[in-house]
Amino acid sequence: MVSKINKKILLAASGGIAAYKTAELVRLLRKKNAEVRVVLTHAAEKFVTPLTFQALSGHAVATELLDTEQENAMGHINLARWADLLIVAPATADIIAKFSHGLADDLLSTLYLAAECPVYIAPAMNQAMWNKTVTQDNIKKLQNHGVTIIGPESGDQACGEQGFGRMSEPEEICNHLLTGSSSSLLQGKSVLISAGPTREPLDPVRYISNRSSGKMGYALAEAAINQGASVTLVSGPVSLSAPAKTNLVNVETAQQMYEEVLQRAGLYDVYIGAAAVADYSPDQIKEEKIKKQADRTTIVLRKNKDILSAVAHLKQRPFTVGFAAETQELEKYARGKLERKNLDMIAANWVGKESGGFEDDNNALQVFWRQGKQNFEMMNKKRLAEKLIELIAEKLDEKNTTKNP
Ligand code: C5P
């Protein structure tokens, strides 16, 4: 673990109550040898004062875009050039929206546009504001532009509500800036994940598929990256953007997914089969569109190869984790798959009327391995993915320790 951060850090706070924690972040970063210059938006100044940050950072605080005195000290373009990285903590819904739309009507939004260094943001807002589609779209856009999102966390909020939207703790943000990830349980490890549905073509315009959204697999990719892993995501067609730093391989059919996974799996430390792979494909793909004719018609299907089982039976195999969606006798069927497919771990969930599952943002899991099990209550798939990745890291570590005591 890196213990010093000899970097020039431009630390900006926008207007949220979490800005009081930013003072602690300045102190932590300086303790790690970073040189810190602080920018406050006008809204942030309503919560905290420039004087606090001047005292903690040892530099005058920048608050104005169009101010001769501040521009003379260090103009906004020079400030953007000076920085090795820009971190915005807290980042409000407003500043996130400004960044994602390229607005530049105040000092911070202008600095973001002018900055060529890596940019990190630690969002903080009310849970409903965080969950709003427009905020999530803005976040995805920023991720696509290479911005790293730290947090937010779930828990009690200043407004009295509960949920995701609390800014990550200063220690965690500092850690993230030091190591490139918030934690390091999978530092140096490679993780291969398959996600989403597959599409099995019938003719040039039709296919057989399923309702998988890919959310669980994509959340696992993000959680593994945040633990320091290098991640390859082999994905069926979904409408999600892959987390920054993911090596994304797009596929359509079960056969393509099989090939892309199998040619890599032996080189990875962990394989997580989170995809809803079609069990069967049409035996023949018609070259021309199938015409409407008889009242009844038949499609002959052929069984697909089981990707998960094939990976788990490789001579040089990764730590292999499967998923099982069941409508009855969850543990019995899940443990059956664990044995039959030769897995290290299986994450099972109920599918059906009242459970989360395919298209839902929430899910509950029961995770089984040979000597044990763990229940994860119904929660947001992102949080669930973090917990599952922590468990995988722990069991991987145990397995490696037994192999090489
Ligand atoms: O046997 P079942 O389809 O219920 O097992 C589900 C698990 O197996 C999932 O992890 C899924 O990704 C994987 N699977 C696979 N290849 C298939 C079918 C399922 O890898 N052809």
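Start at 1 and go down the list; that is how both ligands and their atoms are numbered. Hydrogens, waters and symmetry mates are skipped; everything else that's a heavy atom, side chains included, is used.
Looking at R370, its side chain does come within 3.5 Å of a backbone N or O of L343 through a donor-acceptor pair.
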In a table with atom names and distances, give each donor-acceptor pair under 3.5 Å that connects a side chain of residues 230-243 to protein atoms at least two apart or in another chain.
from : atom 1 : to   : atom 2 : distance (Å)
T232 : OG1    : N247 : ND2    : 3.2
T232 : OG1    : Y268 : OH     : 2.5
S235 : OG     : Y218 : OH     : 2.7

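Scanning for side-chain contact (heavy atoms from CB on, under 4.5 Å) contacts around K337 gives A324, E326, R340, K341, I346, with sequence neighbours left out. Shown here are the ring-ring contact (aromatic ring centres under 6.0 Å, His included) partners of F323, two or more places apart in sequence or in another chain: there are none.
A heavy-atom distance below 4.5 Å is found between the side chains of Y280 and K303.
Near ligand 1, heavy-atom contacts under 4.0 Å come from G273, A275, V277, D279, K305, D306, I307, L308, G322, F323, K337, K341.
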Check step by step if salt bridge (Lys or Arg N to Asp or Glu O under 4.0 Å) holds for E390 and K387.
CA-CA 5 Å; E390 282 169 22; K387 296 210 170 273; 5.5 Å; no
